[in-house]
> 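For reference, the structure I am asking about is given below.
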Amino acid sequence: MSVHIKTNSFNARFKSKSRAALKAKAYTPLIDYKEIKEQARVHSYSLLKLWLPNGIVRQHEYIALNPTRHDQHLGSFRINMHSGQWADFATSDRGGDLIALLAYLDQSTQSKAARKISALLGLKEHRHVG
């Protein structure tokens with residue numbers, strides 16, 4: 001019988017802690033990757049100048065030194081400003097959009113990079129009840 005009481009007591013404490021945790025996390029910002037990706041593409045030149053200030057533009061490509069390695073010559077690290085796709089042709093590093101590029105440059109996650117781009121561009125966060 002005392003085991004049953006302890007179990008109920010444990011369940012009551014667990015449920016109250018879980019409810020409190022849910023209330024604390026009720027509003028979590030959602031990342032609208034599609035919107036951030038599109039806005040980053042629209043503002044690609046400004047973002048790339050900020051992240052890779054010594055780059056140059058040739059047609060629709062931004063060409064810069066890759067700061068993640070000892071890169072001394074322009075040419076191998078290129079970002080397509082129309083699509084956001086990027087590659088370092090001296091290595092196998094590449095990505096599909098500017099969110100992936102910032103995550104690569106900062107050595108962080110894509111969610112952190114997306115939030116950083118969102119903040120830089122002044123995009124509002126979408127709220128979600130969790």
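This chain uses plain numbering: 1 for the first residue, then up along the sequence. Bear in mind the structure is a predicted one, so any value in this text is a computation, not a measurement.
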> Mind checking what makes side chain to side chain donor-acceptor pair (under 3.5 Å) contact with His73, not counting sequence neighbours?
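With sequence neighbours excluded, His73 shows a side chain to side chain donor-acceptor pair (under 3.5 Å) to no residue whatsoever.
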> Taking only residues two or more places apart in sequence or in another chain, which ones pass side chain to side chain donor-acceptor pair (under 3.5 Å) with Gln107?
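Side chain to side chain donor-acceptor pair (under 3.5 Å) check on Gln107 returns nothing, list empty.
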> Would you name the heavy atoms of Gly84 and Ile79 that are closest together and state the gap between them?
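Distance-wise, the nearest heavy atoms are O-CG2, 4.3 Å.
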> Testing the basics here: between Ile36 and Ser118, what is the closest heavy-atom pair and its distance to 0.1 Å?
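Closest heavy-atom pair between Ile36 and Ser118: CD1-CB, 3.9 Å.
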> Not counting sequence neighbours, list each pair that qualifies as a side chain to side chain donor-acceptor pair (under 3.5 Å) and has a residue in residues 40-54.
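Qualifying pairs, neighbours excluded: Glu38-Arg41.
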> Tell me whether Leu101 shares a hydrophobic cluster with Ile63, the cluster being built from Ile, Leu, Val, Met, Phe, Trp, Tyr side chains joined at under 4.5 Å.
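Shared cluster, no.
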> In Å and rounded to the nearest 0.5 Å, what is the CG to CD distance from Asn66 to Gln72?
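Answer for the CG-CD pair, Asn66 versus Gln72, is 12.5 Å.
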> Is the shortest heavy-atom distance from the side chain of Asp97 to the side chain of Tyr33 under 4.5 Å?
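In short, these two side chains do not touch, never coming nearer than 4.5 Å.
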> Taking it one step at a time, do Leu121 and Val42 satisfy side-chain contact (heavy atoms from CB on, under 4.5 Å)?
CA-CA 11 Å; Leu121 297 177; Val42 168; over 6 Å; no
> Specify the closest pair of heavy atoms between Pro67 and Phe77, including all atoms of both residues, with the distance to one decimal.
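Looking at all heavy atoms of both residues, the closest pair is CD-CE2, 4.3 Å.
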> Going by the rule side chain to side chain contact (heavy atoms under 4.5 Å, CB included), which residues pair with Gln85 if we only count those two or more places apart in sequence or in a different chain?
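Side chain to side chain contact (heavy atoms under 4.5 Å, CB included) check on Gln85 returns Ser83.
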> Indicate the atoms forming the closest heavy-atom contact of Ile31 with Ser111, along with that distance.
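Looks like CD1-CB, 3.5 Å.
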> To the closest 0.5 Å, what do you measure between CG (Leu120) and CG (Leu47)?
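Answer rounded to 0.5 Å: 6.5 Å.
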> At their closest point, which heavy atom of Leu52 faces which heavy atom of Ala64, and how far apart are they?
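Nearest pair, atom of Leu52 first, then Ala64: CB-CB, 3.9 Å.
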> Among all residues two or more places apart in sequence or in another chain, which pass the side chain to side chain contact (heavy atoms under 4.5 Å, CB included) test with Asp93?
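In terms of side chain to side chain contact (heavy atoms under 4.5 Å, CB included), with neighbours along the sequence ignored, Asp93 is linked to Trp86, Asp88, Thr91, Tyr104.
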> What is the minimum heavy-atom distance between Ala113 and Leu102, and which atoms define it?
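Closest pair (atom of Ala113, atom of Leu102, distance): O-CD2, 3.7 Å.
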> May I ask you to test the Leu48-Leu98 pair for a side-chain heavy-atom distance under 4.5 Å?
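They are in contact (side-chain heavy atoms under 4.5 Å apart), so the answer is yes.
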> Flag yes if more than 12 heavy atoms outside Arg69 fall under 6.0 Å of its CZ atom; otherwise flag no.
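Above 12, so yes.
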> Go through the structure and list residues passing side chain to side chain contact (heavy atoms under 4.5 Å, CB included) with Leu65, not counting sequence neighbours.
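Side chain to side chain contact (heavy atoms under 4.5 Å, CB included) check on Leu65 returns Asp71, Leu74.
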> Please, which pairs that meet salt bridge (Lys or Arg N to Asp or Glu O under 4.0 Å) have at least one residue in residues 99-111, sequence neighbours excluded?
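As it turns out, the salt bridge (Lys or Arg N to Asp or Glu O under 4.0 Å) pairs with a partner in residues 99-111, which skip direct neighbours, are Asp106-Lys116.
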> Going by the rule salt bridge (Lys or Arg N to Asp or Glu O under 4.0 Å), which residues pair with Lys112 if we only count those two or more places apart in sequence or in a different chain?
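Residues passing salt bridge (Lys or Arg N to Asp or Glu O under 4.0 Å) with Lys112: none at all.
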> Working to the nearest 0.5 Å, report the span between CG of Asp32 and CG of Leu123.
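Here the interatomic distance stands at 9.0 Å.
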> For Ser108 and Arg115, does a side-chain donor sit closer than 3.5 Å to a side-chain acceptor?
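Checked: Ser108/Arg115 side chains show no N/O donor-acceptor pair below 3.5 Å.
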> Going by the rule side chain to side chain contact (heavy atoms under 4.5 Å, CB included), which residues pair with His82 if we only count those two or more places apart in sequence or in a different chain?
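Applying side chain to side chain contact (heavy atoms under 4.5 Å, CB included) to His82 gives His60, Asn80.
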